[in-house]
2 protein chains.
Amino acid sequence: MAYDRRVDTPPQPLTTGPDPATTGPRGAAFLLAQIGAHAAARFAERVGQLGLAPADVGLLRMIATQPGRSQRALAEDLGVVPSRVVTLIDNLEGKDLVERRRSAADRRNHELHLTAEGTRTLGAVSRAAAAHEDALLAALDPEQRTHLSGLLARIATEQGLTPGVHPGYRNRD
Amino acid sequence: MAYDRRVDTPPQPLTTGPDPATTGPRGAAFLLAQIGAHAAARFAERVGQLGLAPADVGLLRMIATQPGRSQRALAEDLGVVPSRVVTLIDNLEGKDLVERRRSAADRRNHELHLTAEGTRTLGAVSRAAAAHEDALLAALDPEQRTHLSGLLARIATEQGLTPGVHPGYRNRD
DNA sequence: TATTGTTATACTCTATAACTATA
DNA sequence: TATAGTTATAGAGTATAACAATA
């Protein structure tokens with residue numbers, strides 16, 4: 001049994017702070033990191049009920065979008081080492097969500113495809129993601145949500161973040 | 001030498017997507033997780049140049065804000081197990097940033113305090129955080145930054161996120 | 001000889017549990 | 001007997017390196 005913070009968190013007596021410059025940032029960057037981690041954790045809970053880890057979801061989406069790609073290609077896109085893809089795909093194949101097919105053209109390759117159940121599961125993931133989004137943004141009305149998305153998209157573009165690519169694989173981001 | 005994604009990421013041929021419902025979300029929740037992870041990684045780089053891990057920064061800030069607290073109290077606030085605090089404080093004490101003092105009142109306790117160098121380092125962290133914030137939000141003008149902060153603060157409050165508390169310690173969030 | 005995927009190994013991080021000292 | 005902190009151990013996750021099959 002773990003601790004239950006938030007029960008008696010003292011109200012941060014900032015009056016005792018030794019130096020106003022060291023009191024820490026309450027800015028947007030910190031909020032982004034904090035909310036981002038929170039969002040990732042909540043999403044992990046939801047897909048966990050489908051028996052998936054967040055990394056699995058990214059992989060399923062990639063395979064759905066571009067079926068038939070090799071494991072090495074996926075490893076490059078994700079920024080992870082090929083041996084890790086082996087483990088991840090082993091897992092998904094064991095659950096009958098993904099299928100490896102030897103390439104006829106180059107028999108060293110495995111072409112990756114979703115199974116019927118993989119496609120079905122990905123549908124459930126999408127519904128979970130929609131529910132997740134709605135719960136996460138419960139504080140905002142539709143107009144505010146749109147505005148937020150616009151600001152975030154602007155940041156993501158300027159920071160050079162690849163559209164469909166995921167946190168949580170970090171090799172280097 | 002790692003892979004360089006983003007060099008030849010094919011432009012996501014959504015036309016081949018098997019099912020529009022499974023193409024994955026391009027919504028605010030995903031952007032929050034993505035940007036949040038990116039922000040955390042960039043911040044880790046900056047404080048890494050000061051010889052600190054992100055977890056160290058959180059601990060330094062807590063000790064600065066409320067000097068003299070016990071390790072167990074910190075463990076509860078962070079949501080980690082006490083033995084981990086031992087390791088983290090060992091590390092910070094080894095760098096002469098933090099000092100353990102036996103409590104006179106209850107000699108089982110260690111009261112934690114920043115050293116002079118700890119205070120100095122925390123100042124450097126604050127400057128790094130400011131530079132980080134500025135770089136992360138480069139795409140937005142001041143008015144947009146304010147607007148973003150407001151929306152994020154609203155979300156954080158509604159989601160019950162503790163004001164000063166950090167991602168990256170997760171036991172349960 | 002180079003490349004795809006796999007297996008074997010090692011390393012890092014963190015939690016669990018046993019232990020010491022104070023109370 | 002209970003609590004603060006420490007130490008020892010074990011488990012999960014991931015990278016590195018050696019290897020087999022194919023080109």
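Note that the coordinates shown come from a computational prediction; the quantities given were computed from them, not determined experimentally. Naming: A, B, ... by sequence-line order, numbering from 1 per chain.
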Checklist entry - What's the verdict on side chain to side chain contact (heavy atoms under 4.5 Å, CB included) for Val57(B) and Leu50(B), showing C-alpha distance, side-chain angles and the deciding distance? => result CA-CA 10 Å; Val57(B) 173; Leu50(B) 300 170; over 6 Å; no
Checklist entry - With no angle test and no hydrogens, is the base of dT14(D) tied to the side chain of Ser83(A) by a donor-acceptor pair under 3.5 Å? => result no
Checklist entry - Taking Thr115(B) for the side chain and Leu97(B) for the main chain, is one N or O donor matched with an acceptor at less than 3.5 Å? => result yes
Checklist entry - Within this structure, what is the CD1-to-P distance between Ile89(B) and dA4(D), rounded to whole angstrom? => result 16 Å
Checklist outcome for this item: In whole angstroms, the gap separating C1' of dT3(D) from CD of Gln71(B) amounts to 13 Å
Checklist outcome for this item: In Leu112(B), Asn109(B), Asp77(B), Ile63(B), the residue satisfying side-chain contact (heavy atoms from CB on, under 4.5 Å) with Arg69(B) is Asp77(B)
Checklist entry - What's the CG-P distance between Leu74(B) and dA4(D), to the nearest Å? => result 13 Å
Checklist entry - Roughly how many Å is it from CG in Asp90(A) to C1' in dT6(C), rounded to a whole number? => result 9 Å
Checklist entry - Passes side chain to side chain contact (heavy atoms under 4.5 Å, CB included), Glu99(B) versus Leu114(B)? Steps please. => result CA-CA 6 Å; Glu99(B) 193 184 357; Leu114(B) 291 191; over 6 Å; no
Checklist entry - Can you tell me how far C1' of dA4(D) sits from CZ of Arg69(B), to the nearest Å? => result 15 Å
Next on the checklist: Rounding to an integer number of Å, can you tell me how far Asp56(A) CG sits from dG13(D) C1'?
Outcome noted: 13 Å
Next on the checklist: By the definition side-chain hydrogen bond (donor to acceptor under 3.5 Å, both in side chains), identify the one residue from Arg84(B), Arg100(B), Glu76(B) that meets it with Gln71(B).
Outcome noted: Arg100(B)
Checklist entry - In residues 96-112 of chain A, which ones come under 4.0 Å of DNA chain D, going by heavy atoms? => result Asp106(A), Arg107(A), Arg108(A)
Item to check | Within 6.0 Å of CZ in Arg102(A), more than 12 heavy atoms from elsewhere | outcome: yes
Checklist entry - How many Å lie between CZ on Arg84(A) and C1' on dT9(C), as a whole number? => result 18 Å
Checklist outcome for this item: Here the distance between atom P of dA23(D) and atom CZ of Arg72(A), to the nearest Å, is 16 Å
